[in-house]
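All values derive from a computational prediction rather than experimental measurement. These values consider heavy atoms only, across backbone and side chains, with no hydrogens, waters or symmetry-generated copies.
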Amino acid sequence: MEEEIIGGKHSVIEALKSGRTINKIWIAEGAQKHLTQPIIVEAKKLGIIIQQVDKRKLDQLAPGVQHQGVVAQAAPYAYAEVEDILLAAENKGEPPFILLLDEIEDPHNLGSILRTADCTGVHGVIVPKRRSAQVTATVSKTSAGAAEYVPVARVTNLGQTIDSLKEKGIWVVGTDVSAAQGIYETNVFDGPVAIVIGNEGKGMGRLIREKCDVLIKLPMNGQINSLNASVAAGVVMYEVLRRRNQG
């Protein structure tokens, strides 16, 4: 596998702190000291090569990423296994809290979801290997470094993974605008739960919808009947956290 490029102060500093293998760091000449100094200090402690370069070199290394004058070359992103996610919950003595992303294609949405997942105590995120955003420099930047802390597992078949989770006693909850039940009426969030977030345009696939134990919808009081996928995911994650904190 090829090395991965990470751009932006938060993404690089969190990659360093999390123990990710960093091969090299490039810093733009004239970059703001308050942005780069913590990275330089941390990198020197770890013996990582730092090179000062023209900003245009960073634009080439991380095209389309707001790198803030800092780019790192890291070992490939280490995807987790589903078992690792379940073990993380067990080690914390908590009922599993998992996100299943059914073909989320926008890397910015995936990054935002990972950031909220870290804030709300999600034990891990599961994505399909095909027709789905993977963890890239853009995802890492959008997640503000949360991609280093929230395990992400890639699976070949999301439907089979749902079946396996259900066998382990995990309730699978789908978000669907046509659901009869509202998010505030359901009572499954306290226990082991896997939340399914559907594709930005199409929502959940038919097969995935049919496999859900419960379908819920968010209340909509305006003229538009749907939210951005990462915003909808955030609302659901915080409702799970609220219920669990009450318990």
Quiz: residues 211-219 side-chain donor-acceptor pairs under 3.5 angstrom, not counting sequence neighbours:
{"unit_1": "K211", "atom_1": "NZ", "unit_2": "D163", "atom_2": "OD1", "d": "3.1"}
{"unit_1": "K211", "atom_1": "NZ", "unit_2": "D163", "atom_2": "OD2", "d": "2.9"}
{"unit_1": "D213", "atom_1": "OD2", "unit_2": "V172", "atom_2": "N", "d": "2.8"}
{"unit_1": "K217", "atom_1": "NZ", "unit_2": "A179", "atom_2": "O", "d": "3.3"}

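- Clustering ILVMFWY residues whenever any of their side-chain heavy atoms sit less than 4.5 angstrom apart, transitively, puts V150 in the very cluster that holds I104.
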List the steps and the verdict of side chain to side chain contact (heavy atoms under 4.5 Å, CB included) for K166 and S164.
CA-CA 5 Å; K166 286 166 78 168; S164 168; over 6 Å; no

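- You'll find the side chain of N157 stays beyond 4.5 Å of the side chain of T161, heavy atoms only.
- Put simply, the side chain of L110 does not reach to within 4.5 Å of the side chain of V152, judged on heavy atoms.
- Residues I6 and R20 are in side-chain contact: their nearest non-hydrogen atoms beyond the backbone lie under 4.5 Å apart.
- When side chains are defined from C-beta on, L100 does not count as touching I208, because their heavy atoms never get closer than 4.5 Å.
- Contact of the H67 side chain with the K55 side chain is registered, since non-hydrogen atoms from C-beta on lie closer than 4.5 Å.
- Applying the side chain to side chain donor-acceptor pair (under 3.5 Å) rule to Y184 yields no partners; only residues at least two apart in sequence or on another chain are considered.
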Please tabulate, one pair per line, all N/O donor-acceptor pairs under 3.5 Å involving side-chain atoms of residues 233-241, not counting sequence neighbours.
{"unit_1": "E239", "atom_1": "OE1", "unit_2": "R242", "atom_2": "NE", "d": "3.0"}
{"unit_1": "E239", "atom_1": "OE2", "unit_2": "R242", "atom_2": "NH2", "d": "2.9"}
{"unit_1": "E239", "atom_1": "OE2", "unit_2": "R243", "atom_2": "NE", "d": "2.7"}
{"unit_1": "E239", "atom_1": "OE2", "unit_2": "R243", "atom_2": "NH2", "d": "3.1"}

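- Scored by the salt bridge (Lys or Arg N to Asp or Glu O under 4.0 Å) test, E83 finds K168 as partners (sequence neighbours excluded).
- Between the side chains of K24 and Q51, at least one donor N or O sits under 3.5 Å from an acceptor N or O.
- Here the CG-CD1 distance, from N23 to I49, works out to 8.5 Å after rounding to the nearest 0.5 Å.
- At a threshold of 4.5 Å between side-chain heavy atoms, the hydrophobic network of Ile, Leu, Val, Met, Phe, Trp and Tyr places I50 and V12 in one connected group.
- Pairs of residues two or more places apart, or lying in two chains, that qualify as side chain to side chain donor-acceptor pair (under 3.5 Å) and include a residue from residues 86-97 are E94-H123.
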Stepwise side chain to side chain contact (heavy atoms under 4.5 Å, CB included) check, T136 with Y77:
CA-CA 8 Å; T136 61; Y77 179 80; over 6 Å; no

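- For E81, the side chain to side chain contact (heavy atoms under 4.5 Å, CB included) partners at least two apart in sequence or on another chain are D84.
- In this structure, V173 is a member of the same hydrophobic cluster as V122, with clusters built from ILVMFWY side-chain heavy atoms closer than 4.5 Å.
- With contacts defined as side-chain heavy-atom distances shorter than 4.5 Å, the pair R115/H10 does not qualify.
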